[in-house]
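Note: hydrogens, waters and symmetry copies are ignored here, and every other heavy atom, side chains too, is used. Quick caveat: nothing in here was measured; it's all calculated off a predicted structure. Chain A is the first sequence line, chain B the second, and so forth, proteins listed ahead of strands; every chain is numbered from 1.
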Amino acid sequence: MERRIRLRHTNDVRRVYEEGQSWPHPLLVLVARPNGLDFTRVGVTASRSVGKAVARNRAKRLLREAARRLYPQFGAGWDVMLIARPRILEVKEPQVEKALAALLKRAGLSM
RNA sequence: CAGGUCGGCCAGGCGGUCGCGCCUCGCGACUCCGGAUCCUUCAAGAAUGGGGCGCGGGGUGAGGAAAGUCCGGGCUCCACAGGGCACGGUGCUGGGUAACACCCAGGCGGGGUAACCCGACGGAAAAGGGCCACAGAAAAGCAGACAGCCGGGGCAGCCUAGGCCGCCCCGGUGAUGGUGAAAAGGUGGUGUAAGAGACCACCGGCGCUCGUGGUGACACGGGCGGCCAGGCAACCCCCACCGGGAGCAAGGCCAAGCAGGGGCGAGACCGUUCCCAUCGGGUCUGAGACCCGACGGGGAACAGGCGCGGGGCGGCCCGUCCCGUCCGAGCCCCGGGUAGGCCGCUAGAGGCGGCGGGCAACCGCCGUCCCAGAUAGAUGACCGCCCACGACAGAACCCGGCUUAUCGGCCGGCCUGGGUG
RNA sequence: UGGGGGAUCGUCUAACGGCAGGACAGCGGACUCUGGAUCCGUAAGUCGAGGUUCGAAUCCUCGUCCCCCAG
């Protein structure tokens, strides 16, 4: 996933958390907010509760891969945070992809 | 072959499709820097070059523990007259090392049939203090009589009048019992009223001393001595050695942005010079001016002294250096702004191979190789095949160790037992 | 990432190296018509594993978890 479309700065992330709307799923949580740009930015995160460093890296990789594959389906002009939950480690990538697609549909972000 | 023990190595592999970080090469009519030129300024702005971005090609990309952060160094910033006292660490000996709490070799002690493994392993005997609960008569320096044993005395009882037994008092005794983690050498004898290192023999241990071997820890042997000396220094302590403080969020640069306010705070010291007013004297015709002197008053400048305040010298004291002393050093509190980029950032006590030195850890020389540098953090997803199902686990300034976690596999040395030749 | 601190009944909090105590909450009982208050009784704990020591919550080592501070 290219860095240009990644959500990387603390202020941006905090703005999404404060002003955005969230949609939960057993594997992950999606938080989104319009950003006023003509493209969408995506950030991923995994907290201590997911596991140790290896587990957190694995969780973030799964989220990034799913977002990369589904990026063409994203509507333009959103800042999106994907938050990993512990059970994401139990599944393989396609299931994460399905979960993310379902969340996009519920949130009205997919086109 | 089985069991054991020690050491080394590996950490799923191969192929395909999509994807990521970094480096590098090429292309670009995009963009930023740069600035010749022009010019009062603003503005405009060529070339070489650099950065970014886009596209394409090539290379490269986590660990043995990357972990815990328990030690030791490098590096960076701060501080670097010195002395004393504290504080912390290490603790058999010799060596290795940049250094270490690590490693190697050796000694001593303990475990194992053995290979081999384990050990915070200086000093408790002479520097000193402290503690040793409960139990027990007594718990630490020439200790301690509860029962017991023995002697003497008194009283009462029995009987064959010599003893026996009971109670009480005085004394001896650390051999016996009991308590305890621990009761102040062991065995055998002499001795005695009963006993006791009281004495003797042997053994153990201790101190002094001599000799031999060893760099040394220490080992072996001889002589003398007193008869024997409890444990705990992961309690204080003593001895020897070592130790500045903080940490890459160190530290530096660029850009952007804001707003300051309040409180506390040490001499209104002394000295020198000058000025002003005051007083005294003198000169000039007078108001007054000028000159000389005086002490106290006010003001300015200056360097110094003492005092005071603050800071540094890791903590404290001495000492020392710096700053300040009312135009005020510094300290404290409240409030405001920033969350962007670049450097540090990876070539190093570096890996591999060879030769040489050393028992070894390791060291020296030569050759050769370049091996992550991210910044919400790069290795993933899917498919096929094989071994037969893949554990613990993710670099964040860099190294050397230690400790902890871990599915398994391969290789080698050695020991024990069995079989065969 | 680096630095610092801590862990004792369910909660809060004591304990020179010598039997782990107190308060609140809980449970049982008494008092009351019932509840509250009060009184009596009761159970429950040293984060885990080793070591030093006769003896460890305390001293030492390793591990686990939690909290705090750094631009």
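- Comparing the C1' positions of rG419(B) and rG48(C) gives an interatomic distance of 50 Å, to the nearest angstrom.
- The C1' atoms of rG337(B) and rG310(B) are separated by 30 Å, rounded to the nearest whole Å.
- Taking hydrophobic clusters as Ile, Leu, Val, Met, Phe, Trp and Tyr residues chained together by side-chain heavy-atom distances below 4.5 Å, Val96(A) does not share a cluster with Val54(A).
- Note that CD of Glu93(A) and NZ of Lys98(A) are 12.0 Å apart. Values are rounded to the nearest 0.5 Å.
- Positionally, the nearest nucleotide of RNA chain B for Met81(A) lies more toward the 5' end than for the other of Ala55(A) and Met81(A).
- One C1' atom belongs to rG71(C), the other to rG344(B), and the distance between them is 16 Å to the nearest Å.
- Among rC382(B), rA376(B), rG394(B), the nucleotide with an atom closest to any side-chain atom of Pro94(A) is rC382(B).
- At whole-Å resolution of the value, CD in Glu65(A) and C1' in rU379(B) are 12 Å apart.
- Between the CZ atom of Arg64(A) and the C1' atom of rC18(B) there is a distance of 16 Å, given to the nearest Å.
- With its glycosidic angle within 90° of 0, rC371(B) adopts the syn conformation.
- In this structure, rG197(B) is classed as syn because its glycosidic torsion stays within 90° of zero.
- Figure legend. rU403(B) is base-paired to rA67(B); pairs are counted as Watson-Crick or G-U wobble with both atom distances under 3.5 Å.
- In a base pair of the Watson-Crick type (N1 to N3 plus N6-O4 or O6-N4) or a G-U wobble (N1-O2 and O6-N3), with each distance short of 3.5 Å, rU187(B) is matched with rA201(B).
- rG394(B) is unpaired under the Watson-Crick or G-U wobble criterion, no partner having all donor-acceptor distances under 3.5 Å.
- Using C1' as the reference atom, rG19(B) and rU37(B) are 50 Å apart when rounded to the nearest Å.
- Taking Arg106(A) as the reference, nothing meets the salt bridge (Lys or Arg N to Asp or Glu O under 4.0 Å) condition, with sequence neighbours excluded.
- One atom, CZ of Arg68(A), and another, P of rG380(B), lie 14 Å apart when rounded to the nearest Å.
- Trp23(A) is not listed as a side-chain neighbour of Val29(A), based on a closest heavy-atom distance of 4.5 Å or more.
- Across all strands shown, rA81(B) forms no Watson-Crick or G-U wobble pair with both key distances under 3.5 Å.
- Residues Leu27(A) and Ala99(A) come closest through the heavy atom pair CD1-CB, 4.1 Å.
- If Lys60(A) and Ala53(A) are placed on RNA chain B by their nearest nucleotide, the residue sitting closer to the 5' end is Lys60(A).
- Glycosidic conformation of rA62(B) is syn; the angle stays within 90° of 0.
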Starting from the C-alpha separation in whole Å, work towards a yes-or-no answer on side chain to side chain contact (heavy atoms under 4.5 Å, CB included) for Leu28(A) and Leu62(A). CA-CA 11 Å; Leu28(A) 64 125; Leu62(A) 288 172; over 6 Å; no
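- Within the model, atoms CZ of Arg56(A) and CG of Leu89(A) stand 11.0 Å from one another, a figure rounded to the nearest 0.5 Å.
- Pairing partner, rC365(B): rG354(B), with both Watson-Crick or wobble hydrogen-bond distances short of 3.5 Å.
- Comparing rC87(B) with rG107(B), their C1' atoms sit 35 Å apart, to the nearest whole Å.
- Separating the CG atom of Leu62(A) from the P atom of rA376(B) is a distance of 20 Å, rounded to the nearest angstrom.
- rA376(B) atom P lies 17 Å from atom CD1 of Ile83(A), rounded to whole Å.
- Comparing the P positions of rG61(B) and rC14(B) gives a spacing of 13 Å, expressed to the nearest Å.
- rG64(B) adopts a syn glycosidic conformation, its chi angle falling within 90° of 0.
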With a 3.5 Å cut-off and sequence neighbours excluded, list the donor-acceptor pairs that the side chains of residues 76-85 of chain A form with protein atoms.
{"unit_1": "Asp79(A)", "atom_1": "OD1", "unit_2": "Asn35(A)", "atom_2": "ND2", "d": "2.9"}
{"unit_1": "Asp79(A)", "atom_1": "OD1", "unit_2": "Arg41(A)", "atom_2": "NE", "d": "3.0"}
{"unit_1": "Asp79(A)", "atom_1": "OD2", "unit_2": "Arg41(A)", "atom_2": "NH2", "d": "3.0"}
{"unit_1": "Arg85(A)", "atom_1": "NH1", "unit_2": "His25(A)", "atom_2": "O", "d": "2.9"}

Evaluation steps, salt bridge (charged side-chain N to carboxylate O under 4.0 Å, His left out), between Arg61(A) and Glu65(A): CA-CA 6 Å; Arg61(A) 279 173 189 146; Glu65(A) 179 67 13; over 6 Å; no
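- In RNA chain C, stems built from 3 or more consecutive Watson-Crick or G-U wobble pairs, each with both distances under 3.5 Å, span C:1-7 with C:64-70, C:10-13 with C:21-24, C:26-30 with C:38-42, C:47-51 with C:59-63.
- Shown here, rU40(B) forms no base pair; nothing in the strands shown gives a Watson-Crick or G-U wobble contact with both key distances under 3.5 Å.
- One interatomic measurement links the two molecules: CG of Asn57(A) to P of rG61(B), which rounds to 19 Å at whole-angstrom precision.
- Across rG390(B) and rG408(B), the matching P atoms stand 11 Å from one another, rounded to whole Å.
- Nucleotides rA229(B) and rG197(B) place their P atoms 13 Å apart, quoted to the nearest Å.
- If you measure from atom NZ of Lys52(A) to atom C1' of rA393(B), you get 9 Å, rounded to the nearest angstrom.
- The partner of rG417(B), taking Watson-Crick or G-U wobble pairs whose two distances both stay under 3.5 Å, is rC1(B).
- A donor-acceptor contact under 3.5 Å links the side chain of Arg61(A) to the base of rG394(B).
- Under the Watson-Crick or G-U wobble criterion, with both distances below 3.5 Å, rC308(B) is paired with rG324(B).
- The distance between atom NZ of Lys92(A) and atom P of rC383(B), rounded to the nearest whole Å, is 6 Å.
- A pairwise comparison of heavy atoms in Val50(A) and Ala59(A) identifies CG1-CB, 4.1 Å as the closest pair.
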